Amino acid sequence: MSMYNPKKIESKWQKRWTKENFEVWHADDKSKKRKMYVMDMFPYPSGEGLHVGHVEGYTASDIMSRYYRMRGLNVLHPMGWDAFGLPAENYAIKKKIHPKIVVEKNVKNFTKQLRRLGFGYDWQREINTTDPEYYRWTQWIFLQLLKQGLAYEAEVPVNWCPSCKTVLANEEVINDKCDRCGTLVERKQLKQWVLKITAYAERLLEDLAVLDWPEKVKEMQKHWIGRSEGAELEFPVADSNLKIKVFTTRADTLPGATYLVLAPEHSLITTLGARIINQSSVKDYLEKAKHKSELERMAEAQTKTGVELKGITAINPYTQKEIPVWVSDYVLSSYGTGAIMSVPAHDERDFAFAKEFGLPVAQVVSEKKDQQELPELTEAYVGDGVMFNAGDLNGLPNHIAKDRIIELVGGKKRINYKLRDWIFSRQRYWGEPIPVIKCEKCGVVPVPEKDLPVLLPRVKNYQPTGEAESPLAAIKKWVNVKCPTCEGPAKRETNTMPQWAGSCWYYLRYLDISNKEEMVDKAKEKYWMPVDVYIGGVEHAVLHLLYARFWHKVLFDIGAVSTKEPFQKLVNQGLILGPDGQKMSKSRGNVVNPDEMIEKFGADSLRLYEMFMGPLEDAKPWQTDGIVGLYRFLTRIYNLVIGFKKAKEKLADSDKSVALDRLLHKTIKKVTEDIENFRFNTAISAMMILLNEMEKNKSQLSVVSCQLLVKLLAPFAPHLAQELWEQLGNETLLDNEVWPEFDEKLTEDSEVELIIQVNGRLRDKVLVSKVITQKEAEELVLEREKVKEHLGKKKPKKIIFVPGRLINIVI
RNA sequence: GCCCUCGUGGUGAAAUUGGCAGACACGCCAGCUUUAGGAGCUGGUUCCGCAAGGAGUAGAGGUUCAAAUCCUCUCGAGGGCACCA
């Protein structure tokens, strides 16, 4: 008997499913059918090649798209390359090959790997973010942001990675380390392009409600946006008409504000400089704070530092008391007003600061109601309570006092967000040039849209300079241009865009990849958007997914797209851990190579195993032993179908088993529902159960049952399914076949096993009609030997009956 | 420190969402098959017990006729945020 030979079968079908002219996977833009847009997070084509983690997500989306195609939907399932940015560039530097060549080579390798896995992409829509015809539109979107006042240049404190030699976005800094290379970031003050994502904070938060996303991701975005409601209050500076504005969420504690603290960068320190008595020690402190490394700041998180601005006092607008003003770097210049009112009694940080410097602590909110005197606080009391030591407000619940106080002192209610604007310049070569020209006379001039794309010039030296400029600055020919407005001498912006730029809108370009007039054709956009299913890792929860939503909303506002949100449903595949249960990494030596697995077991086995491992969203350890089971499963299907084909001549087609027929319909139902709910592991186990039964009843198989099994298998193991389909005498492609329907009646058994419990414990089981009534069941059950045994002489107190399932006799 | 998620056999996991715990698979054990191949087939496999039976879903308590599932606390793992006033 011939053996299941995945290598032979898979290469046979992969040759037919050619990238160039395989029309079945090509989505039709003019179809009248219902559309289904299934998209993966596209990879950056690293030199490492495809990872088993890629295989997991990509298999899931491949199953979805093959399934929906068989359901008669017009499926769009594209693939592309996120090839700009640090990963590609760092790799190029390491290997001393130009990034462009590296990317081309890696794309070729990735393509080969994806094809070996049998993924059914619409290759006619392949995109590459480094293609000038692609990034022309990335630059175009930047110009729209500029036009809308959403892109601006500013001198801002930035995170600088000394190893990658570039500025990083807030989102790229994890625990004060560079997300890419793990180096501790430095703080620098640099002139940068910044995108005003904060203008969209409220909408980015609000619209999370309409998204069908994992709660975890929504929660992370919510926290990252960090909305907090509070008030802005003004403290007059004594002997001056200046005022210090503070932001607080606890205006109710204003009576307990015993001093103010300014951030080191606060403008008032310079404005009032002359009045400061201890100028030299203040200067010292500011200087230290400026040069403090992130490491020192982290170490100091517990013990607070600061210095008093002697000679300057402010008036607490509620108590009218004169209070001191301090400077400390625990106050952030970039949040709120850069100044706070300090209430040591009701804020942990303020408490620590007051203890450090012996400043007064005044408790004004008390947990208990009728207290005459309060014991000395050993820690800040941050809970709710009633007002105390607060004049007219005494005895009032603090949340009511809050609004009163804001009104009384003329404060303004305000909402603040933790979200910061997106620092958009990178001092690196391998990115989209920012399409801006700087003219001595005209200032910042956008490159006219007709001159796009601004091509990234080929250079010999693409290593980062380590300065505030990218390597592009060295190319005089490219940098020096005529100003588009006045024709005078001008220079190009030499910074490039961050790696996230290209992925902010790629889902739109898949819809219309060769359009030279527009980013995307309106009709096509309207037909395909939004993306129905988006599958990728959770690591992009606050990076790519937030940025892309932001750009999409801007595009919506200027009428370029028709939906509020880009990705309707998001599914996160969980990490595949190494066999040791640890995250896969080269240094641990626990990386599993998908190529090796394909070599040994075939792509179908690998696909199936990764889907069978466990729930898609869960992190789960790789076990090479486990893939053997799926290989065996496929072998058995192969043997069953081929064996059936050989025996068919001798068998009559009519001797079908009713039980098998029922199981078949149950399985169709289970697999169908499981695919739609991304429960691939249980879908596969249902097919295994079916196969076990079919093997036991070989003599009762029919062509129809074999064909149904093959169709169910098709989205999961497309090569083997197609091969067996052909072996069964079909010339068609399974992609064009219709997904099997199930007969609801056949999925329901007329008889069920009734569980018999006494006092909640399982004592017996009995096969009964599904529609048995409580009365019938009681009569039947009370006559059973086992039940009588357990009842003894006692009478049932109560009988619980769950129709078609269970009966519980309580005694 | 704060927030979120999760703890089920030797392993990956399943459990119609409050109704038979451990489906399906890996591994292991026994047997069969001249069988040297990560082969196939049959049976067994949560724990204690010869059995009847009992115990059992990290631990303790609670709600319920009934809890892996709901509630409270404790412990443990993973992830996110981290001076955001």
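Note that the structure is a prediction, hence the values are computed from the model and not measured. The sequence lines fix the lettering, A, B, ..., with proteins before strands; numbering per chain opens at 1.
Distance A:Tyr330 OH to B:rC83 P: 13 Å, rounded to the nearest Å. If you take CG of A:Leu577 and P of B:rG78, they are 11 Å apart, rounded to a whole angstrom. A:Glu596 places its CD atom 14 Å from the C1' atom of B:rG38, with the value rounded to the nearest Å. As a whole-Å value, the separation of A:Glu539 CD from B:rG78 C1' is 15 Å. The CD1-P distance, from A:Ile684 to B:rC26, rounds to 13 Å in whole Å. If you take NZ of A:Lys620 and C1' of B:rG12, they are 10 Å apart, rounded to a whole angstrom. A straight line from CG of A:Leu545 to C1' of B:rG80 spans 15 Å, rounded to a whole angstrom.
Relative to the side chain of A:Met688, the nucleotides B:rC24, B:rG12, B:rA55 differ in distance, and B:rC24 lies closest. Listed nucleotides: B:rA82, B:rC65, B:rA85. Nearest to the side chain of A:Ile340: B:rA85. Listed nucleotides: B:rG38, B:rA25, B:rA85. Nearest to the side chain of A:Phe612: B:rA25. Candidate nucleotides B:rC81, B:rA14, B:rC20 were compared by shortest atom distance to the side chain of A:Lys418, and B:rC81 ranks first. Comparing atom distances between the A:Ser685 side chain and each of B:rC20, B:rA23, B:rC65 picks out B:rA23 as nearest. Side-chain proximity of A:Val331 to B:rA25, B:rC83, B:rA85: nearest is B:rA85. The listed nucleotides are B:rG12, B:rU16, B:rC41; the one nearest the side chain of A:Arg636 is B:rC41. Considering only the side chain of A:Glu753, B:rC20 comes nearest among B:rC20, B:rA23, B:rG19. For A:Trp224, the side-chain atoms get nearest to B:rC81 when compared with the rest of B:rC81, B:rG12, B:rA23. Distance from the side chain of A:Val810 is smallest for B:rC65 among the nucleotides B:rA14, B:rC65, B:rG38.
Neither OP1 nor OP2 of B:rA13 sits under 4.0 Å from any side-chain N or O of A:Arg679. Checking the phosphate oxygens (OP1, OP2) of B:rA55, a side-chain nitrogen or oxygen of A:Arg761 falls inside 4.0 Å. Contact between the side-chain N/O atoms of A:Arg632 and the OP1/OP2 oxygens of B:rA25 is not found at any separation under 4.0 Å. Put simply, A:Tyr335 has a side-chain N or O that comes within less than 4.0 Å of OP1 or OP2 on B:rA85. Within the structure, every side-chain polar atom (N or O) of A:Asn572 is placed at least 4.0 Å from both OP1 and OP2 of B:rG79. The side chain of A:Thr635 contributes no N or O atom lying less than 4.0 Å from OP1 or OP2 of B:rA39.
Applying the 90° criterion around 0 to the glycosidic angle, B:rU17 comes out syn. With a glycosidic angle no more than 90° from 0, B:rG9 adopts the syn conformation.
Judged by distance alone with a 3.5 Å cut-off, no donor-acceptor contact links the side chain of A:Lys798 to the base of B:rC65. Under 3.5 Å, the side chain of A:Lys797 and the base of B:rC65 form no donor-acceptor pair of N or O atoms. Counting distance only, with no hydrogens placed and no angle test, the side-chain atoms of A:Asp625 and the base atoms of B:rC26 include no donor-acceptor pair under 3.5 Å. Residue A:Lys600 places a side-chain atom within donor-acceptor reach of the base of B:rG38, judged by atom type and a 3.5 Å distance cut-off alone.
At the heavy-atom level, A:Val538 lies nowhere under 4.0 Å from the strands shown. Here A:Asp618 lies out of heavy-atom contact (under 4.0 Å) with every strand. Looking at heavy-atom distances under 4.0 Å, A:Lys216 makes contact with sugar-phosphate atoms alone, never a base. Using a 4.0 Å heavy-atom cutoff across all strands shown, A:Glu348 reaches no nucleic acid atom at all. Among the heavy atoms of the strands, none lies under 4.0 Å from A:Ala686. A:Ser228 comes within contact range of the sugar-phosphate backbone alone, with a heavy-atom separation under 4.0 Å but no base atom that close. No contact: A:Arg227 has no heavy atom under 4.0 Å from any strand. Here A:Ile800 lies in heavy-atom contact (under 4.0 Å) with a base.
Distance check on atom P: B:rC81 versus B:rU74 gives 26 Å, rounded to whole Å. Using atom C1' as the reference point in both B:rA30 and B:rU69, the two lie 38 Å apart (nearest Å). Distance noted for atom P between B:rG78 and B:rA15: 25 Å (whole Å). Taking atom P on both B:rA23 and B:rC70, the two are 23 Å apart, rounded to the nearest angstrom. Nucleotides B:rA21 and B:rG54 are separated by 12 Å at their P atoms, to the nearest Å. As rounded to the nearest Å, B:rC73 and B:rC29 have C1' atoms that lie 43 Å from one another. B:rG12 and B:rG7 are spaced 15 Å apart, taking the C1' atom of each and rounding to whole Å. Nucleotides B:rU57 and B:rA13, compared at atom C1', are 13 Å apart to the nearest Å.
Note: A:Tyr609 and A:Phe601 fail the aromatic proximity criterion, with ring centroids not under 6.0 Å apart. Proximity of the aromatic rings of A:Tyr417 and A:Tyr335 is defined here by a centroid distance below 6.0 angstrom, and this criterion is not met. Taking the six-membered ring for Trp and the full ring otherwise, the centers of A:Phe612 and A:Phe680 sit at least 6.0 Å from each other.
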Passes side chain to side chain donor-acceptor pair (under 3.5 Å), A:Ser228 versus A:Asn416? Steps please. CA-CA 5 Å; A:Ser228 75; A:Asn416 263 327; 5.8 Å; no

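Between A:Ala339 and A:Glu695, the one whose closest nucleotide on RNA chain B sits nearer the 5' end is A:Glu695. Each of A:Thr248 and A:Asn681 was assigned the nucleotide of RNA chain B with the nearest heavy atom; the assignment lying further toward the 5' end belongs to A:Asn681.
Using cut-offs of 30° and 60° on the angle between ring planes, the pair A:Tyr4 and A:Tyr638 is tilted. Ring-plane geometry between A:His346 and A:Tyr381 is classed as perpendicular, the angle between the planes exceeding 60 degrees on a 0 to 90 degree scale with a lower cut at 30.
Note on A:Arg636 versus A:Glu695: salt bridge recorded, some NZ/NE/NH1/NH2 to OD/OE distance being below 4.0 Å. For A:Asp329 and A:Lys304, the salt-bridge test fails: no basic side-chain N is under 4.0 Å from an acidic carboxylate O. Look at A:Lys696 and A:Glu693 and you find a salt bridge, because one of the NZ, NE, NH1 or NH2 atoms lies within 4.0 Å of a carboxylate O, short of that distance.
In this structure B:rA66 sits in no base pair that meets the Watson-Crick or G-U test at under 3.5 Å. Nucleotide B:rC41: paired with B:rG31 (Watson-Crick or G-U wobble, both distances less than 3.5 Å). In this structure B:rU17 sits in no base pair that meets the Watson-Crick or G-U test at under 3.5 Å. In this structure, B:rA58 forms a base pair with B:rU74, meeting either the Watson-Crick or the G-U wobble geometry with both donor-acceptor distances under 3.5 Å.
With hydrogens and angles ignored, the 3.5 Å screen pairs a side-chain donor or acceptor of A:Arg662 with a backbone N or O of A:Glu748.
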